[in-house]
Amino acid sequence: MSQDIIDILQNMDTEKMENQLILQCAPVIVGMKMSNLLIIQNKHLRQICKLLSHSKISYYVLYVSGEKSTVLLYDRKKLEYYVSGKRIHQFLVESGYEEFELEAMFRKLRKRYEIYHNYYPVEERKNLFPHELGLLLGYPLEDVQGFIQNAGKNFLYPGYWKVYYNVPPKLALFQRYEMAKETLIELVSRGVGIAEIIDAYSGLS
């Protein structure tokens, strides 16, 4: 990250909804990544939904806790195409999925995610984590499987996800994601609004 971007971040109100959207989901906004989780304060949820309602970015509220909401942001066409792949489909079947329309999958995932977060005793919670979430976030199947087999340990590189195979191309991809984030941070620092940014990149994809 360049010193200029670091300086901007030091003076940025990172609690603002618009800035959180960029910091967490820039690759999705610019069309480089098919989906991402956005974790925001509950008070911003309605604002986020309104902002995205007329954009290319779809959303699904996955979990609401006492203070924060976890929202899945996604490009519908890209995600539908990805989960329709033979190996991805088979993993989902083995994970207990029987319906493969996105909303049906999201409903099942939400139930599992809620159980995971609300399960007690806490020390047993990790066994309930819905690993299919990684696929719905566009993570490579090989890395999702590597994460499961290694219980989240022994990874080769920690980036936007834990990488277990083929590090060089994924490292290059992570670098492009970071460049996208820096570009949007710079645009916001120049006074460009988040709605304008989303509209501009929607026209490019």
Side-chain angles (χ1 to χ4, degrees), residues 24-39 52 55-65 69-178 180 205:
Q24 296 185 49
C25 300
V28 174
I29 294 172
V30 304
M32 295 176 64
K33 193 171 184 290
M34 68 183 72
S35 53
N36 215 102
L37 289 183
L38 173 66
I39 300 175
L52 298 177
S55 76
K56 66 163 186 177
I57 302 173
S58 300
Y59 63 90
Y60 187 85
V61 180
L62 196 60
Y63 181 72
V64 178
S65 68
S69 298
T70 300
V71 186
L72 177 67
L73 272 56
Y74 63 100
D75 182 308
R76 175 174 291 276
K77 290 184 179 179
K78 290 179 180 178
L79 188 55
E80 285 178 338
Y81 178 80
Y82 183 67
V83 299
S84 69
K86 184 176 180 180
R87 295 178 65 224
I88 305 300
H89 182 86
Q90 183 60 36
F91 182 95
L92 292 169
V93 170
E94 293 171 355
S95 298
Y97 284 76
E98 299 175 347
E99 298 179 80
F100 299 95
E101 187 268 337
L102 286 184
E103 277 70 21
M105 293 174 63
F106 293 161
R107 287 193 295 271
K108 189 176 188 72
L109 174 63
R110 180 168 61 187
K111 290 180 181 178
R112 290 182 168 185
Y113 200 69
E114 289 175 346
I115 290 172
Y116 164 74
H117 275 285
N118 297 321
Y119 188 79
Y120 293 94
V122 175
E123 58 269 17
E124 297 180 13
R125 185 181 297 171
K126 63 181 180 179
N127 298 322
L128 295 171
F129 186 79
H131 292 289
E132 65 273 17
L133 174 60
L135 294 181
L136 294 175
L137 292 173
Y139 300 170
L141 177 59
E142 60 186 3
D143 291 327
V144 173
Q145 292 174 326
F147 184 94
I148 296 171
Q149 293 163 4
N150 291 274
K153 302 177 181 179
N154 306 318
F155 49 87
L156 300 178
Y157 186 84
Y160 278 72
W161 60 84
K162 291 182 177 179
V163 178
Y164 288 87
Y165 302 95
N166 302 320
V167 173
K170 293 165 187 173
L171 179 57
L173 181 61
F174 294 160
Q175 290 172 340
R176 291 197 294 273
Y177 288 169
E178 285 299 298
S205 61

*Glu132 side chain to Leu109 main-chain N or O, any donor-acceptor pair under 3.5 Å?*
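Checked: no pair found.
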_Under a 3.5 Å distance rule, please check whether Asp143 uses its side chain to pair with a backbone N or O of Tyr165 as donor and acceptor._
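Pair found, side chain donor or acceptor close to backbone of Tyr165.
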*In chain order, what residues pass the side-chain contact (heavy atoms from CB on, under 4.5 Å) check against Asn154, with sequence neighbours excluded?*
Asn150
*Partners passing side-chain contact (heavy atoms from CB on, under 4.5 Å) against Gln90 (at least two apart in sequence or in another chain)*: Glu94
*Apply side chain to side chain contact (heavy atoms under 4.5 Å, CB included) to Leu38 and Val28, showing your working.*
CA-CA 11 Å; Leu38 173 66; Val28 174; over 6 Å; no
For [X] against [Y], the heavy-atom pair lying closest together:
X: Phe174; Y: Gly159; answer: CE1-CA, 3.6 Å
X: Leu135; Y: Leu79; answer: O-CD1, 4.5 Å
X: Gly138; Y: Ser35; answer: N-OG, 3.8 Å
X: Tyr139; Y: Tyr160; answer: OH-O, 3.4 Å
X: Val30; Y: Lys56; answer: C-NZ, 4.0 Å
X: Tyr164; Y: Lys153; answer: OH-O, 2.9 Å

Taking salt bridge (charged side-chain N to carboxylate O under 4.0 Å, His left out) as the test, write out the residues that go with [X], two or more places apart.
X: Lys162; value: none
X: Glu98; value: none
X: Glu99; value: none

*asked:* A quick test of your reading: do over 12 heavy atoms of other residues, nucleotides or ligands sit less than 6.0 Å from OH of Tyr81?
replied: no
_Exactly one of Arg110, Arg76, Lys108 should register a salt bridge (Lys or Arg N to Asp or Glu O under 4.0 Å) with Glu103. Which one does?_
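When Arg110, Arg76, Lys108 are each tested with Glu103, the salt bridge (Lys or Arg N to Asp or Glu O under 4.0 Å) holds only for Arg76.
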If I take atom [atom1] from residue [X] and atom [atom2] from residue [Y], how far apart are they, to the nearest 0.5 angstrom?
X: Asp75; Y: Lys33; atom1: CG; atom2: NZ; value: 11.5 Å
X: Leu173; Y: Glu178; atom1: CG; atom2: CD; value: 11.0 Å
X: Lys77; Y: Ser58; atom1: NZ; atom2: OG; value: 11.0 Å
X: Asn118; Y: Tyr63; atom1: CG; atom2: OH; value: 4.0 Å
X: Tyr97; Y: Arg112; atom1: OH; atom2: CZ; value: 5.0 Å
X: Glu142; Y: Lys170; atom1: CD; atom2: NZ; value: 3.5 Å

*Go through the structure and list residues passing ring-ring contact (aromatic ring centres under 6.0 Å, His included) with Phe91, not counting sequence neighbours.*
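Residues passing ring-ring contact (aromatic ring centres under 6.0 Å, His included) with Phe91: none at all.
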*asked:* Pair Val163, Leu171 - check side chain to side chain contact (heavy atoms under 4.5 Å, CB included), show working.
replied: CA-CA 9 Å; Val163 178; Leu171 179 57; over 6 Å; no
*Which is it for Leu137 and Leu72 under the side chain to side chain contact (heavy atoms under 4.5 Å, CB included) test, yes or no, and what are the steps along the way?*
CA-CA 8 Å; Leu137 292 173; Leu72 177 67; 3.6 Å; yes
*Mind checking whether Ile29 and Leu73 have side chains closer than 4.5 Å, heavy atoms only?*
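Heavy-atom side-chain distance check fails, nothing below 4.5 Å.
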*Given side chains that start at C-beta, do those of Val71 and Leu52 come closer than 4.5 Å, heavy atoms only?*
no
*Plane angle bin for Tyr113 and Tyr116 - parallel if under 30°, tilted between 30 and 60°, otherwise perpendicular*: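 Geometry flag for Tyr113 against Tyr116: tilted rings.
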*Verify whether the ring centers belonging to Tyr74 and Tyr82 lie closer than 6.0 Å.*
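Ring centroids of Tyr74 and Tyr82 are no less than 6.0 Å from each other.
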